Amino acid sequence: MASSLDSLLSKCTTLSLPHTKQLHAHLFTTGQFQLPISPSRSKLLELYALSLGNLSFAILTFSQIRTPSTNDWNAIIRGFIQSPNPTNAFAWYKSMISKSRKVDALTCSFVLKACARVLARLESIQIHTHIVRKGFIADALLGTTLLDVYAKVGDIDSAEKVFDEMVKRDIASWNALISGFAQGSKPTEALSLFKRMEIDGFKPNEISVLGALSACAQLGDFKEGEKIHGYIKVERFDMNAQVCNAVIDMYAKCGFVDKAYLVFESMSCRKDIVTWNTMIMAFAMHGEGCKALELFEKMDQSGVSPDDVSYLAVLCACNHGGLVEEGFRLFNSMENCGVKPNVKHYGSVVDLLGRAGRLHEAYDIVNSMPMVPDIVLWQTLLGASRTHRNVEIAETVSRKLVEMGSNHCGDFVLLSNVYAARERWADVGRVREAMKNRDVKKVPGLSYIEGNGVIHKFYNADKSHESWREIYAKLDEIRFRVKEYGYVAETSFVLHDIGEEDKENVLGHHSEKLAVAFGLISTSEGTPIQVIKNLRICGDCHFVIKLISKIYDREIIVRDRVRFHRFKEGFCSCRDYW
């Protein structure tokens, strides 16, 4: 009778509360509740903790067992994974060890999953030690869980080490590391691993392509992303909305918003809220404010209610497109549509006003908003002050950031920019001294460009590239040719009190100019040039690249920290509003 009940319950994933209580009573009356090992009792705990979501009652029931089995402990530990306090899983694990209870591979797996939820790296290392000591490391499922936890807590090196030491790997192992690389700012390694898994005989599934597409999006690797999209269509993964969303995001972040929209329009599966939000944000990044607004309206008409992310995306589109009144209208309509504005929405409105030069209105909104403004919001206002060279507001905002404990190099650099634009060199020096005293390191400008499958990186005034002499010769040629079109260096972007000629040299060797010059000498005529920069493109580089696109008849796509700039025939898609 007991074995048949155990067999029946093993196939049961859920029971109603009355039926669970009947099972509970049955186990008590038949004496099965106090057996040394009772699969039905473990299942009862599991039902209480997981299916019914009553972990406290599961713990109370557990406390009535004279000698709990490993499976009983596992049921409670598993319950903690999805509870508000997953760290308790590790406490129970330690209690289990201290009471000399037998720990198995499942116990370790459940505790690791709880660690992943709270990013508990030190606890994960301790469990890893126990796994090795107890000989569980050969378990492929446990090894996958372990490397997944390391990836999620940001310890990519340990995740890779676990992967390399695994005796047996399955598709989940490959996917966990690909995803870990992609999310851990190692997109090149993610793509390399994605290619290697096919060579090793593992066929990529939907999870595999999600990680690879994320890597392509980070790198701006359109060619590889297009290949993966081809594979997705062959395998019919495009019936999965999550995969389609990733393809849309990849094309948008590689600079091809038209291709992203083509995927969006041709989706055969149902578009979810993420699909609409991804496409609206894609238009926003590319400065297509009107198209983003049209899509936002279309989403509402199609029966998909916008959420807080939808409003954030469309407000961002208004920011980049200079659509101030439309942005205000949308912001003011949020609560009527059941979406309460949060600090990010207020930040978007501040950005909207700041870009339009309405700094005092933006400052008033910051001071009157119903929640405490965060550091990012003040930094947004500081950026607008720099754009419009408003020293008064820049100084006020900088003091506020210092009070809030911000030590970000960008805060100091923006204030220096404002002073330098007004040629207040003593104040520039004072800011530099403050950076030195606070040990604030300036983030160096970095741009990169892909060529023949290789990522070429450039820093400001970089001479480390093997072709640096040819690159600098091309820059000299560019400097000569753009002056024929009336170019005069915008030396206010240089934060040093040096001569005008020296300032021109500093500007002339910015990382994005080096990358564009390399693109000109390394690709055939007519080929678009794609550059990704870690910081916001400076005004001088923006003007020069517009001229380069006209002089050399090249389309040049620059993705900076904030948005895309598509340069063609002497014009930029941002319409000089960024």
Side-chain angles (χ1 to χ4, degrees), residues 312 315-316 318-328 331-332 341-438 440 442-443 490-497 535-540 542 560-563 574 576-578:
L312 194 61
L315 284 171
C316 181
C318 292
N319 289 347
H320 293 312
L323 305 172
V324 181
E325 299 310 319
E326 289 87 343
F328 259 110
F331 179 75
N332 291 328
N342 60 36
V343 70
K344 290 184 179 179
H345 298 108
Y346 277 94
S348 288
V349 173
V350 168
D351 194 20
L352 186 70
L353 290 169
R355 288 173 190 268
R358 294 159 62 172
L359 295 178
H360 290 286
E361 290 176 69
Y363 185 72
D364 289 342
I365 283 181
V366 175
N367 285 318
S368 62
M369 55 193 282
M371 69 279 293
V372 177
D374 62 9
I375 285 174
V376 174
L377 199 150
W378 286 109
Q379 288 170 334
T380 300
L381 188 54
L382 181 59
S385 302
R386 184 265 171 267
T387 301
H388 298 283
R389 304 182 181 186
N390 189 310
V391 176
E392 179 191 355
I393 291 182
E395 289 178 331
T396 301
V397 173
S398 293
R399 283 194 293 270
K400 189 66 181 178
L401 285 166
V402 170
E403 287 172 16
M404 295 176 75
S406 176
N407 212 34
H408 192 272
C409 70
D411 303 345
F412 295 90
V413 171
L414 286 170
L415 184 59
S416 289
N417 275 330
V418 177
Y419 286 139
R422 298 289 186 183
E423 297 188 354
R424 289 172 53 171
W425 301 114
D427 289 318
V428 171
R430 181 173 55 79
V431 174
R432 275 217 200 94
E433 190 63 29
M435 289 179 72
K436 185 178 178 182
N437 293 338
R438 290 167 173 266
V440 177
K442 184 180 176 183
V443 176
E490 182 55 78
T491 55
S492 66
F493 290 104
V494 180
L495 305 183
H496 302 278
D497 186 14
L535 304 174
R536 190 172 181 266
I537 188 172
C538 87
D540 185 79
H542 189 271
D560 71 8
R561 186 176 59 84
V562 178
R563 59 167 296 158
C574 75
D576 297 336
Y577 188 89
W578 88 101

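No experiment lies behind these values; they were computed from the predicted model shown.
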Where [X] and [Y] come nearest, the two heavy atoms and their spacing:
X: Ser348; Y: Leu312; result: OG-CD1, 3.5 Å
X: Val350; Y: Ile365; result: CG2-CG2, 4.0 Å
X: Pro373; Y: Val343; result: CA-CG2, 4.4 Å
X: Val428; Y: Ser416; result: CG2-O, 3.8 Å
X: Val431; Y: Phe412; result: CG1-O, 3.4 Å
X: Leu535; Y: Val443; result: CD1-O, 3.8 Å

Within residues 360-369 or reaching into it, pairs that qualify as salt bridge (Lys or Arg N to Asp or Glu O under 4.0 Å) - sequence neighbours excluded
Arg358-Glu361
Rounded to the nearest 0.5 Å, what separates atom [atom1] in [X] from atom [atom2] in [Y]?
X: Glu392; Y: Leu359; atom1: CD; atom2: CG; value: 10.0 Å
X: His542; Y: Ile537; atom1: NE2; atom2: CD1; value: 6.0 Å
X: Lys344; Y: Leu315; atom1: NZ; atom2: CG; value: 13.0 Å
X: Asp411; Y: Gln379; atom1: CG; atom2: CD; value: 4.5 Å
X: Arg438; Y: Ser406; atom1: CZ; atom2: OG; value: 9.0 Å
X: Met371; Y: His345; atom1: CE; atom2: NE2; value: 9.5 Å

Heavy-atom side-chain contact between [X] and [Y] under 4.5 Å:
X: Ile393; Y: His388; answer: no
X: Arg563; Y: Asp560; answer: yes
X: His320; Y: Val562; answer: yes
X: Arg432; Y: Lys436; answer: no
X: Val391; Y: Arg424; answer: yes
X: Leu401; Y: Ile375; answer: yes
X: Leu382; Y: Trp378; answer: no

One pair to check against side chain to side chain contact (heavy atoms under 4.5 Å, CB included): Thr396 and Tyr363. What are the steps and the verdict?
CA-CA 10 Å; Thr396 301; Tyr363 185 72; 3.4 Å; yes
